[in-house]
A.B. asks: 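My structure is below; once you've seen it, I'll send some questions.
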Amino acid sequence: MKKTNAARILDRLKIDYELKEYKVDLNDLSAIHVAKDVNMDIKTVFKTLVARSDKNDIIMACIPGDDELHLKKLAQVANFKKVEMIHLKELLPLTGYVRGGCSPLGAKKSYPVFIDETALKWSKIAISAGVRGEQILLAPQDLIKAVNATVADLIK
């Protein structure tokens with residue numbers, strides 16, 4: 001496995017992690033597919049979503065793979081009146097990542113990251129390594145530290 005920018009960031013920060021490969025299905029890029037393929041509980045496989053505020057700021061939210069982001073909760077914790085999901089065509093130009101491979105680590109720019117509080121229930125969670133077909137498993141506290149994340153209730 002080739003190290004991604006996300007993995008190199010964790011190396012630089014001396015944070016322990018494990019890389020786990022999975023088979024990419026272009027017809028199903030969901031976190032649910034990933035969880036089945038890496039044999040993990042879907043509640044421990046976190047997807048990274050990108051949103052834009054009413055002030056045009058970009059923010060990232062990491063939530064369990066089978067949950068839905070509550071945009072009003074995200075806006076409130078991020079101190080905005082409103083946030084909405086970015087258009088898919090904006091993902092690559094804004095983050096450098098493609099759908100199914102978006103990581104809160106190593107994006108083109110350093111965006112504020114918000115992680116759902118359920119992450120703290122687990123000793124390890126999985127996030128995208130920044131490419132399709134690869135996940136990073138790490139302690140949620142280490143991810144929070146690595147991206148200077150805000151932990152909050154973000155799901156419906």
Side-chain angles (χ1 to χ4, degrees), residues 1-11 15 17-53 57-75 78 83-140 142-144 146-147 149-156:
M1 270 187 285
K2 189 174 153 238
K3 286 233 172 152
T4 62
N5 284 343
R8 284 191 286 277
I9 289 167
L10 293 174
D11 288 343
I15 290 175
Y17 65 93
E18 178 187 340
L19 291 175
K20 212 166 198 176
E21 283 186 293
Y22 65 92
K23 191 171 181 258
V24 177
D25 178 353
L26 293 176
N27 295 315
D28 185 3
L29 295 172
S30 72
I32 295 168
H33 165 75
V34 174
K36 284 180 185 165
D37 210 69
V38 296
N39 199 27
M40 289 181 67
D41 184 320
I42 186 58
K43 295 294 184 192
T44 66
V45 177
F46 278 62
K47 58 188 174 186
T48 303
L49 304 172
V50 183
R52 175 180 282 113
S53 78
D57 291 333
I58 301 299
I59 57 177
M60 294 180 144
C62 296
I63 64 169
D66 66 342
D67 282 313
E68 192 177 336
L69 179 62
H70 195 296
L71 293 170
K72 284 184 179 171
K73 288 180 181 178
L74 178 60
V83 296
E84 59 186 33
M85 297 298 296
I86 63 163
H87 294 285
L88 184 54
K89 67 179 190 250
E90 297 177 280
L91 185 62
L92 183 61
L94 286 171
T95 66
Y97 292 130
V98 296
R99 181 173 170 252
C102 186
S103 179
L105 288 161
K108 274 185 175 180
K109 288 175 73 178
S110 184
Y111 298 115
V113 176
F114 298 85
I115 297 176
D116 187 68
E117 64 191 9
T118 58
L120 298 175
K121 292 181 181 179
W122 308 99
S123 59
K124 285 213 183 327
I125 61 169
I127 58 166
S128 175
V131 293
R132 292 175 181 160
E134 206 169 311
Q135 291 282 295
I136 290 176
L137 278 65
L138 76 170
D142 287 340
L143 176 60
I144 292 161
V147 297
T150 301
V151 178
D153 174 16
L154 302 176
I155 55 179
K156 287 189 176 181

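Any value given below was found using the heavy atoms of this structure, including those in side chains, with hydrogens, waters and symmetry copies removed. Counting from 1, the numbers follow the sequence of the chain as shown. What you see is a predicted model, and the numbers here were worked out from it, not measured in a lab.
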A.B. asks: Which heavy atom of A149 sits nearest a heavy atom of I115, and at what distance?
C.D. replies: CB-CD1, 3.6 Å

A.B. asks: Please report the shortest heavy-atom distance between G100 and S128, naming the atom on each side.
C.D. replies: O-OG, 4.4 Å

A.B. asks: Measure the spacing between CG of D142 and CD1 of I15 and express it to the nearest 0.5 Å.
C.D. replies: 5.0 Å

A.B. asks: Grab the two heavy atoms, one from A129 and one from T4, that are nearest each other, plus how far apart they are.
C.D. replies: O-OG1, 2.6 Å

A.B. asks: With a 4.5 Å limit on heavy-atom distance, are the side chains of I63 and K47 in contact?
C.D. replies: yes

A.B. asks: Does the side chain of L138 come within less than 4.5 Å of I127's, by heavy atoms?
C.D. replies: yes

A.B. asks: With the side chain counted from C-beta on, respond yes when T48 and Y97 share a heavy-atom pair under 4.5 Å apart, and no when they do not.
C.D. replies: no

A.B. asks: Taking the side chain as every heavy atom from C-beta outward, state whether D153 and T118 have any pair of such atoms under 4.5 Å apart.
C.D. replies: no

A.B. asks: Taking all atoms of both residues into account, what is the closest heavy-atom pair of M60 and A107, and its distance?
C.D. replies: CE-CB, 4.0 Å

A.B. asks: Nearest 0.5 Å, what's the CD1-SG distance between I144 and C62?
C.D. replies: 10.0 Å

A.B. asks: Between L105 and V113, is any pair of side-chain heavy atoms under 4.5 Å apart?
C.D. replies: no

A.B. asks: Measure from the side-chain N and O atoms of K109 to the backbone N and O of L94, and report whether any donor-acceptor pair falls under 3.5 Å.
C.D. replies: no

A.B. asks: Which residue pairs satisfy the salt bridge (charged side-chain N to carboxylate O under 4.0 Å, His left out) criterion with at least one member in residues 113-122, sequence neighbours excluded?
C.D. replies: none

A.B. asks: Starting at CD1 of I125, measure out to CG of L120 and round the result to the nearest 0.5 Å.
C.D. replies: 8.5 Å

A.B. asks: Begin with the C-alpha distance, continue with both residues' side-chain angles, and end with the deciding distance and a verdict on salt bridge (Lys or Arg N to Asp or Glu O under 4.0 Å) for D37 and K23.
C.D. replies: CA-CA 7 Å; D37 210 69; K23 191 171 181 258; over 6 Å; no

A.B. asks: side-chain contact (heavy atoms from CB on, under 4.5 Å) for D11 and Y17? Distances and angles first, verdict last.
C.D. replies: CA-CA 9 Å; D11 288 343; Y17 65 93; 2.8 Å; yes

A.B. asks: With a 4.5 Å cut-off on side-chain heavy atoms, are C102 and L91 touching?
C.D. replies: yes

A.B. asks: Donor-acceptor check, side chain of R132 to backbone of R99, threshold 3.5 angstrom: yes or no?
C.D. replies: yes

A.B. asks: What distance do K3 atom NZ and R8 atom CZ have between them, rounded to the nearest 0.5 Å?
C.D. replies: 9.0 Å

A.B. asks: So, K43 and D66, do they make that salt bridge, N to O below 4.0 Å?
C.D. replies: yes

A.B. asks: To the nearest 0.5 Å, how far apart are CD1 in I86 and CG in L88?
C.D. replies: 7.5 Å

A.B. asks: Does T150 reach the side chain of F114, with side-chain heavy atoms less than 4.5 Å apart?
C.D. replies: yes

A.B. asks: Going by an N to O cut-off under 4.0 Å, is there a salt bridge joining E90 and R52?
C.D. replies: yes

A.B. asks: How long is the span from the NZ atom in K124 to the OG1 atom in T44, to the nearest 0.5 Å?
C.D. replies: 11.5 Å

A.B. asks: So which heavy atom on A31 is nearest to which on G65, and how close?
C.D. replies: CB-CA, 3.4 Å

A.B. asks: Please report the closest heavy-atom contact between I136 and A6, naming both atoms and the distance.
C.D. replies: CD1-CB, 3.8 Å

